[in-house]
Structures are given as C-alpha cells and as structure tokens.
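One-based numbering, in listed order, for ligands and for the atoms of each. For the numbers below, each heavy atom of this structure counts, side chains included, while hydrogens, waters and symmetry mates do not.
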Amino acid sequence: MRLQGDSFMKLTGIALGMVLAASMAMTARAQEKPAAKPLKAVRFGKLWDGKGKLWTNAIVVIEGDKIRSVTTDASAIPAGAEVIDLSRFTGLPGLIDVHTHMTMYTDETPGESMLKQITNNPPATEVFLARKGAMRTLEAGVTTVRDLGADQYMDIAMRDLINRGEMTGPRMFVVGYGLYITNTAYKPGINPPAGGIADGVPEVLRAVRQQIAAGVDLIKMYASTGTDDDVTQFETYSYDEIKAAVDAAHQFGKKIAIHSYGPDGARDAVRAGTDSLEHATDMDDATIQEMAKRGTFYVPTIDHNRYYLDNWQKIGYANGFQEKTKAFIERNLETARKAHKAGVRFAMGSDAIYTMFGENTRELGWFVKAGMTPEQALQTATGNAASLLGKEKELGAVAAGYFADLVAVEGDPLADINVAINNVRWVMKAGAVVVDKTKAQPH
Ligand SMILES: [Zn+2]
C-alpha cells in the first residue's frame with residue numbers, strides 16, 4: 001500500500017511536473033520570442049574578405065547586425081531574405097580609420113576661420129555639426145573610427161548617440177582628453193582648462209584615471225610638440241611619465257596611442273610599451289627595429305599635412321609654414337618606407353579634422369608610395385586596425401560572426417588602391433545600408 005501509494009504519488013508528481021514544465025516552456029517561448037532579426041543576402045562580383053581570400057560571385061548572408069555566412073552557393077540564401085545585388089562591384093570589409101577627431105568638424109562658414117570655429121562653437125553646436133563629418137566618413141567606406149582627442153567629452157556623447165541610433169555615423173572608440181604638458185601662458189584670473197593637462201607622474205596617473213572614469217575606450221598622450229602648421233618635434237614628456245601613462249592604461253585593460261612628431265618621443269613611447277605610435281617621423285633604426293619586434297602599430301598620418309597645405313587659408317594658419325610642412329611630409333613618407341621594409345605593422349589613420357572627413361582613406365595612397373601592395377594597404381585599414389582596437393574577432397573582415405560592415409567599390413582595389421579611395425558606391429554598417437550611390441552610376 002505504502003509502496004503503491006508512493007508510486008501513485010510519484011507518477012502523479014511526474015505527470016504534474018511534465019505539465020508544468022511544458023507550460024513553463026510555452027510561456028518562456030512566448031516571452032522570449034525575439035523579433036525575428038532581418039535577413040539579408042548581399043551579392044558581390046568579387047569580394048576581398050580581409051582574411052586573404054578573394055572570392056568570385058560571393059554571397060554574404062546577414063542576420064541582424066552580424067554576418068551569418070559567406071558563400072558562393074545561392075541555395076544558401078535563406079527564404080525571405082532581402083537580396084541586394086551588387087554583382088557589378090567588389091566587396092570589402094567596412095574600413096577602419098584609427099586616427100580621427102570627429103568632434104573637431106568645421107564647415108566653411110564665410111568669414112570665420114576653422115581654427116576660430118573650433119574655439120568659438122559651444123560643445124552642443126560642435127557635436128550637432130559633427131554629424132556631417134560622420135556622414136562623409138561613412139561615404140568614404142569607413143564604418144569604424146578610433147577618435148584620438150576631443151574637448152569636454154564631446155567624443156563620448158557622439159559615440160553614445162551613434163550607438164543609440166540617434167546619429168548616423170561610424171562606430172567610435174574614443175579617448176576623451178589626450179594627455180599633454182602645461183603649454184599655456186599664465187594669465188591672472190584665468191584658469192587653464194583642466195582637460196588633459198598633466199605634469200609629472202602623479203598628475204599623469206590622475207589624468208589617465210580621470211579619462212577612464214569618464215568612460216573612454218582608450219588613452220591618448222601627446223609626447224611631443226607638433227600639430228597643425230607646427231612641425232616641431234621636441235619630446236614633451238619624460239620616459240617615466242610616458243611609462244606611467246602606458247602602465248596605468250594597461251592596468252585597466254585600455255590601450256594607449258602616443259603622439260610623437262619626432263624621434264625622441266617615439267623612442268620612449270615604444271620602449272614604454274605603447275600600443276600605437278602616431279605621426280612619428282625621423283625615427284632611428286633601433287626604434288623601428290624595436291617596433292617590429294614588439295608588434296607596435298605605426299600610424300604615420302602622412303596625408304593630414306597634405307590636407308593642411310591644401311586648406312591653410314580656410315583653416316587660418318599664418319602664411320610661411322609651407323616649406324617646413326612639405327619637407328616634413330617627405331621625411332614622414334621616408335620613415336614609413338623604412339618601417340614597412342623592417343616589417344613594422346601599420347594601421348591607417350587619417351588624423352581627419354575640420355573638413356577633412358571623407359578624405360579619410362587617402363592615406364592608403366601614401367602607403368602604396370611607401371612600398372605596400374594595394375592589398376597590404378587595405379590590410380592596414382581592416383585586419384591590422386581591428387587588432388589595434390582589440391576587435392579582431394568582430395571587425396575588419398567579412399566572415400561569419402563579424403559585424404556586417406561592408407563596402408562596395410567600383411573597380412579592382414587590389415590592382416589600383418585609388419579604387420578603394422575614390423570609388424565607394426555603397427556602404428553597410430552593422431547590417432544597415434548607410435550609403436547607396438549605386439543607382440546614380442551608369443550600368
Ligand atoms: Zn590627431
């Protein structure tokens with residue numbers, strides 16, 4: 001009886017449990033049922049996938065914001081997928097520009113130089129205007145940027161607005177204030193901007209921690225003079241200060257980008273363990289060797305000085321700087337040539353500022369001049385740049401699991417890098433088409 005009773009109770013219990021489990025599962029299904037992620041399939045005549053493969057008649061299957069698969073098999077296109085036919089074009093991964101100043105956008109407002117606009121515009125105005133530069137950046141095929149310096153955390157605001165879908169623009173990884181030494185004259189009654197000013201190791205530590213607390217993605221430090229129409233190369237920080245910044249950033253899992261126009265700041269930044277070195281010109285052979293050994297990324301930003309020469313009157317530079325800047329460009333290119341030969345890893349950074357947005361990828365032309373093949377140049381704006389961001393499993397390639405960031409260009413970018421620079425016809429970022437100039441083109 002007892003046994004029977006127990007068995008009966010057990011059976012009833014199991015049955016009840018099954019009913020409960022089934023109803024719970026149904027409830028869970030009803031509650032969890034995700035809005036079906038939109039399916040898309042993009043066809044390319046050719047596709048350079050950023051992983052060393054050139055596909056013919058590739059189909060990229062996209063689910064939501066990610067790539068589900070890359071295939072040549074049309075039967076793999078899921079039922080109900082929106083098919084986008086770009087067979088006339090060559091597909092590339094969305095490009096990455098690792099050195100921008102998105103919030104330092106200006107237009108050509110009559111009567112006001114760009115330098116003045118930057119200082120006169122309130123932050124809200126700057127961020128609102130910056131949407132134009134963001135759009136031009138996307139039109140150049142750049143779907144991700146590493147933004148290296150802004151005032152008043154406008155970069156964080158812009159990054160978050162873009163991530164929330166309130167602003168259309170490239171995905172941003174930002175630094176807040178770059179760290180720099182005291183460089184303003186004393187004026188009674190006027191406090192210097194707090195920002196990134198830091199002198200000595202304790203202040204460097206405070207400034208790094210301040211940026212991290214603000215919510216930045218990485219740290220930027222200016223370890224030499226040189227910016228705009230000034231191409232001087234004096235080291236500004238000591239090795240100990242640089243090392244303190246590098247270690248403090250790394251301690252919190254953040255990378256660091258160090259600006260140095262000259263060889264001394266470059267040498268100390270590299271031996272302190274910087275993740276990337278920006279601009280560095282006239283580097284000595286030992287520093288170049290050390291970069292190759294450590295895998296330090298070199299971001300030479302050769303083209304931004306070309307932009308300054310082309311636009312100096314609108315920017316508001318004083319006449320007379322041009323010869324020095326021209327000479328600097330030549331030496332910058334020569335340093336890049338040496339570094340490439342020595343096996344240093346490069347990442348593409350434009351240093352886009354003012355109205356330079358949209359010209360982000362012209363840097364690739366300089367890389368080819370420095371001895372790269374077009375494919376090696378493209379690698380600097382895809383896989384290499386993604387590695388520098390620590391996002392090599394999500395960005396910089398067209399492969400399953402990566403963000404659906406795609407660019408269609410007209411022509412063969414592996415034969416002529418200018419195709420990637422000038423012939424962008426269509427851009428997708430995270431599964432959404434953000435640029436479409438395919439209709440305007442003759443068939
Ligand atoms: Zn810069």
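- Applying the side-chain contact (heavy atoms from CB on, under 4.5 Å) rule to Lys51 yields the partners Asp49, Ala397, Ala399, Tyr402; only residues at least two apart in sequence or on another chain are considered.
- Considering Asp405, Val142, Ile162 as possible partners of Arg171, the one that fulfils the side chain to side chain contact (heavy atoms under 4.5 Å, CB included) test is Asp405.
- Salt-bridge annotation for Arg159 and Asp217: present, with a side-chain N of the basic residue lying under 4.0 Å from a carboxylate O of the acidic one.
- Between Phe321 and Tyr308, a ring centre-to-centre spacing not shorter than 6.0 Å is recorded.
- At a threshold of 4.0 Å, the pair Lys37-Glu63 does not count as salt-bridged, since none of the basic side-chain nitrogens sits closer than that to a carboxylate oxygen.
- Among protein atoms, those of element N, O or S found less than 2.8 Å away from the Zn ion (ligand 1) are His99 NE2, His101 NE2, Asp351 OD1.
- By the 4.0 Å N-to-carboxylate-O rule, Asp264 lies close enough to Arg267 to be salt-bridged with it.
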